[in-house]
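First up is the structure itself, then whatever we jot down about it.
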Amino acid sequence: MNADLMNRRRALTGLLQFLGASPLLRADRKYSEMGDPLDAPVNVFEFAKLAKEKLDPLAWDYLDEGSEDEQALRDNRSGFNKLIIRPHVLKYDVSRIDLSTVLFGKPLAHPIFLCPTGGKNCVFPNGEQETAIGAGAANTMMITSGGIDHVLASGKGPKVWWQFTTAANLTTKSQMAAFTEKLKDSGCSGISVTVDIYLVSHRERSIHNGLVRSWCQGNGIPRGSDGKVSYKPDDILWTSGDYPAPRPFSTPTWDILKQLRDSSDLPVIVKGVLTAEDTGLAVKNGLSGVIVSNHGARQLDQVGGTIEALPECVEAANGKIPVLIDGGIRRGTDIFKALAIGASAVGIGRPYLYGLGTFGSRGVARVVDLLRAELATDMGMAGVANLKEIDKSYVRARA
């Protein structure tokens with residue numbers, strides 16, 4: 001055997017030994033680093049199992065349920081299984097994976113954001129504040145329902161955050177101007193208008209359970225020493241068969257949202273869009289972006305999964321505004337598929353609530369870290385190193 005061949009074999013052996021020890025190809029840690037119970041659940045589904053075991057049964061059902069037949073709830077998950085990833089090997093160098101992106105001029109460490117969720121206090125005390133701390137720890141954008149001012153002031157909150165609103169109380173230009181100016185002064189980066197919650201939906205698990213929704217804005221599920229739920233005479237139960245009562249205010253229209261957008265230079269994003277027509281109207285009325293969402297399948301049922309609605313919304317936007325999505329995200333592969341179809345960012349709700357319910361703010365951050373790591377690994381194995389390299393050629397519908 002000549003010396004040149006021997007040298008080549010030695011070089012190849014050295015390369016293989018290097019790759020075998022490389023953190024690029026390994027996902028392990030020392031035994032001594034694995035004592036934290038936070039590390040026991042290895043994916044979102046295992047966090048969900050822990051949350052179900054830990055939470056009050058009424059709180060779990062409130063977190064987990066969908067509306068009516070819960071068909072949209074199932075569709076949110078099954079829709080992702082209808083898509084197959086098409087990896088393209090050797091096209092790009094994947095020795096370093098970069099998840100960073102820019103949204104409305106703000107740099108983000110990754111394309112995952114935390115959606116607004118109601119009733120967090122049934123999941124964990126001071127749930128909104130704990131979530132904000134977790135978002136800050138995970139360097140993750142958050143859409144907040146409010147009440148996190150002191151967390152932001154402490155420097156522990158998210159660097160980029162949007163304010164949730166229904167815009168129902170913004171009926172005049174002066175109200176809009178005051179609202180947006182206050183948000184801007186507070187460091188808010190965007191306004192997310194949720195447009196699918198103007199009526200109370202029919203959620204049968206909570207109706208059967210006798211849930212009082214205000215508990216989840218207060219101190220959680222009240223139980224006596226006997227373990228039974230404690231009701232007050234004036235508690236308002238979630239019931240069925242009630243015809244929607246007239247609202248004391250008009251619900252917003254596209255014109256109201258256009259006025260809100262015109263009242264400030266903050267981006268205004270419409271959350272709750274499921275069709276090409278509504279995406280087109282968002283573009284026509286000057287809105288900054290849309291979030292394809294069915295409210296976690298907790299409002300109108302039988303609307304399909306959000307990943308099924310995403311393609312027509314992306315096509316209607318035609319690159320003029322960013323299209324985001326939430327609903328059913330549980331894996332890095334789910335995020336990859338949404339990005340490949342054209343989503344600019346992907347929101348999670350229940351996954352971080354699983355983390356919140358089990359470990360508080362640390363659980364929120366851990367769930368994000370798991371999804372972020374899954375996405376990065378999946379991207380590398382699919383053959384891309386950054387988000388710009390992902391396009392629709394990386395997915396196809398299952399035959």
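Computed from heavy atoms alone, side chains included, the values below leave out hydrogens, waters and symmetry copies.
A pairwise comparison of heavy atoms in Leu38 and Arg362 identifies CD2-NH2, 3.6 Å as the closest pair. Closest of all the heavy-atom pairs between Pro111 and Leu375 is CG-CD2, 3.9 Å. Across all non-hydrogen atoms, the minimal contact from Gly66 to Leu73 is N-CD2, 3.7 Å. Taking each heavy atom of Leu55 and Val123 in turn, the nearest pair found is CD2-O, 3.4 Å. What you find for Leu371 and Gly332 is that their closest heavy atoms are CD2-N, 4.1 Å. Across every non-hydrogen atom of Gly220 and Cys122, the tightest pair is CA-SG, 4.0 Å.
Annotation for Glu312: atom CD counts as buried by contact number, over 12 foreign heavy atoms lying within 6.0 Å. Atom CG of Asn169 has more than 12 neighbouring heavy atoms from other residues, nucleotides or ligands inside a 6.0 Å radius.
Within the 4.5 Å cutoff, the side chain of Val94 has no heavy atoms near those of the Val384 side chain. Residues Val395 and Ile84 form no side-chain contact, since every pair of their non-hydrogen atoms from C-beta on lies 4.5 Å or further apart. Within the 4.5 Å cutoff, the side chain of Val367 has heavy atoms near those of the Val44 side chain. The closest side-chain heavy-atom distance from Ser67 to Gln299 is not below 4.5 Å. In this structure, the side chains of Val270 and Val193 stay at 4.5 Å or more apart for every pair of heavy atoms. Taking 4.5 Å as the limit, some side-chain heavy atom of Val292 sits within range of a side-chain heavy atom of Val323. Counting heavy atoms from C-beta outward, Asn209 and Trp238 have side chains that stay 4.5 Å or more apart. At a threshold of 4.5 Å between non-hydrogen side-chain atoms, the residues Leu211 and Ile221 count as touching.
Rounding to the nearest 0.5 Å gives a distance of 12.0 Å between SG of Cys313 and CD1 of Ile291. A distance of 9.0 Å separates CG of Leu99 from CD1 of Ile335, quoted to the nearest 0.5 Å. Residue Asn126 holds its CG atom at 10.5 Å from CG of Leu356, rounded to the nearest 0.5 Å. Here the straight-line distance linking atom NZ of Lys106 with atom OG of Ser189 works out to 4.5 Å at 0.5 Å rounding. If you take CZ on Arg366 and CZ on Phe359, they are separated by 10.0 Å, rounding to the nearest 0.5 Å. The OH atom of Tyr352 sits 3.0 Å away from the OG1 atom of Thr117 when rounded to the nearest 0.5 Å.
Distance alone, capped at 3.5 Å, is enough to place a donor-acceptor pair between the Gln175 side chain and the Thr171 backbone. For the pair Glu181 (side chain) and Ala177 (backbone), a donor-acceptor distance under 3.5 Å is absent. Using a distance-only test at 3.5 Å, with no hydrogens or angles considered, a donor-acceptor pair links the side chain of Arg298 to the main chain of Leu63. Between the side chain of Glu65 and the backbone N or O of Ser206 there is at least one donor-acceptor pair closer than 3.5 Å. A donor-acceptor pair is defined here as one N or O able to donate and one able to accept, closer than 3.5 Å; no such pair exists between the side chain of Asp301 and the backbone of Glu68. Formation of a donor-acceptor pair under 3.5 Å by the Asn285 side chain with backbone atoms of Leu287 is not found in this model. Judged by distance alone, with hydrogens and angles left aside, the side-chain atoms of Ser186 form no donor-acceptor pair with the main-chain N or O of Cys188 at under 3.5 Å. Side-chain atoms of Gln217 do not come within 3.5 Å of backbone N or O of Asn121 as any donor-acceptor pair. Put simply, the side chain of Thr306 gets close to the backbone of Asp326: a donor and an acceptor are under 3.5 Å apart. Side chain of Ser201 to main chain of Arg203: no donor-acceptor pair is present (N/O by atom type, distance under 3.5 Å, no hydrogens or angles).
Residue Val290 is grouped with residue Leu114 when hydrophobic side chains (ILVMFWY) are merged at heavy-atom distances under 4.5 angstrom, including chains of intermediate members. The cluster map of Ile, Leu, Val, Met, Phe, Trp and Tyr, joined by side-chain heavy atoms under 4.5 Å apart, puts Ile307 and Leu300 in the same cluster. There is no path of hydrophobic side-chain contacts, each under 4.5 Å, that joins Ile269 to Met176.
When only modelled atom types and interatomic distance are considered, Thr239 and Asp242 share a side-chain donor-acceptor pair under 3.5 Å. Of the N and O atoms on the side chains of Ser100 and Asp98, at least one donor lies less than 3.5 Å from an acceptor on the other residue. Checking Ser192 against Gln163 by side-chain atom types alone, no donor-acceptor pair falls below 3.5 Å. Side-chain contact annotation: Asn76 with Asn294, donor-acceptor N/O pair under 3.5 Å present. Judged by distance alone, the side chains of Gln259 and Ser263 never bring a donor and an acceptor atom under 3.5 Å apart. If you check the side chains of Ser293 and Lys271, you find a donor sitting under 3.5 Å from an acceptor.
Between Lys258 and Asp255 no salt bridge is recorded (no basic side-chain N to carboxylate O distance below 4.0 Å). Using a 4.0 Å cut-off between charged side-chain N and carboxylate O, Lys91 and Glu389 make no salt bridge. The pair Lys120-Glu130 fails the salt-bridge criterion, with no side-chain N (NZ, NE, NH1 or NH2) lying under 4.0 Å from an Asp/Glu carboxylate O.
Scanning for side chain to side chain donor-acceptor pair (under 3.5 Å) contacts around His88 gives Ser393, with sequence neighbours left out. Applying the side-chain contact (heavy atoms from CB on, under 4.5 Å) criterion to Ala137, with sequence neighbours excluded, gives Ala365. Taking Leu199 as the reference, Pro244 meet the side-chain contact (heavy atoms from CB on, under 4.5 Å) condition, with sequence neighbours excluded. For Lys228, the side-chain contact (heavy atoms from CB on, under 4.5 Å) partners at least two apart in sequence or on another chain are Asp226.
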Could you give me the CA-CA distance, side-chain angles and deciding distance for Leu183 and Ile191, then say whether side chain to side chain contact (heavy atoms under 4.5 Å, CB included) is met? CA-CA 9 Å; Leu183 288 177; Ile191 301 170; 3.8 Å; yes

Show, in sequence, the C-alpha distance, side-chain angles and deciding distance for Leu353 and Phe124, and conclude whether the side chain to side chain contact (heavy atoms under 4.5 Å, CB included) test is met. CA-CA 9 Å; Leu353 291 178; Phe124 199 87; over 6 Å; no

Could you check Phe113 against Leu103 for side chain to side chain contact (heavy atoms under 4.5 Å, CB included), going step by step and ending with a plain yes or no? CA-CA 11 Å; Phe113 66 94; Leu103 192 60; 5.9 Å; no

Salt bridge (charged side-chain N to carboxylate O under 4.0 Å, His left out) between Arg205 and Asp64, worked out: CA-CA 9 Å; Arg205 290 198 231 174; Asp64 191 59; 3.0 Å; yes

Would you tabulate the side-chain donor-acceptor contacts of residues 138-146 under 3.5 Å, counting partners in other chains and residues two or more places apart, or write 'none'?
| from | atom 1 | to | atom 2 | distance (Å) |
| --- | --- | --- | --- | --- |
| Thr140 | OG1 | His110 | NE2 | 3.0 |
| Thr140 | OG1 | Ala138 | O | 3.0 |
| Thr144 | OG1 | Glu128 | OE2 | 2.7 |
| Thr144 | OG1 | Gly146 | N | 2.9 |

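Listed by first and then second residue, the side-chain hydrogen bond (donor to acceptor under 3.5 Å, both in side chains) pairs that reach into residues 329-350 are Arg77-Asp334, Arg331-Glu374, sequence neighbours excluded.
The ring of Tyr231 has its center closer than 6.0 angstrom to the ring center of Trp215.
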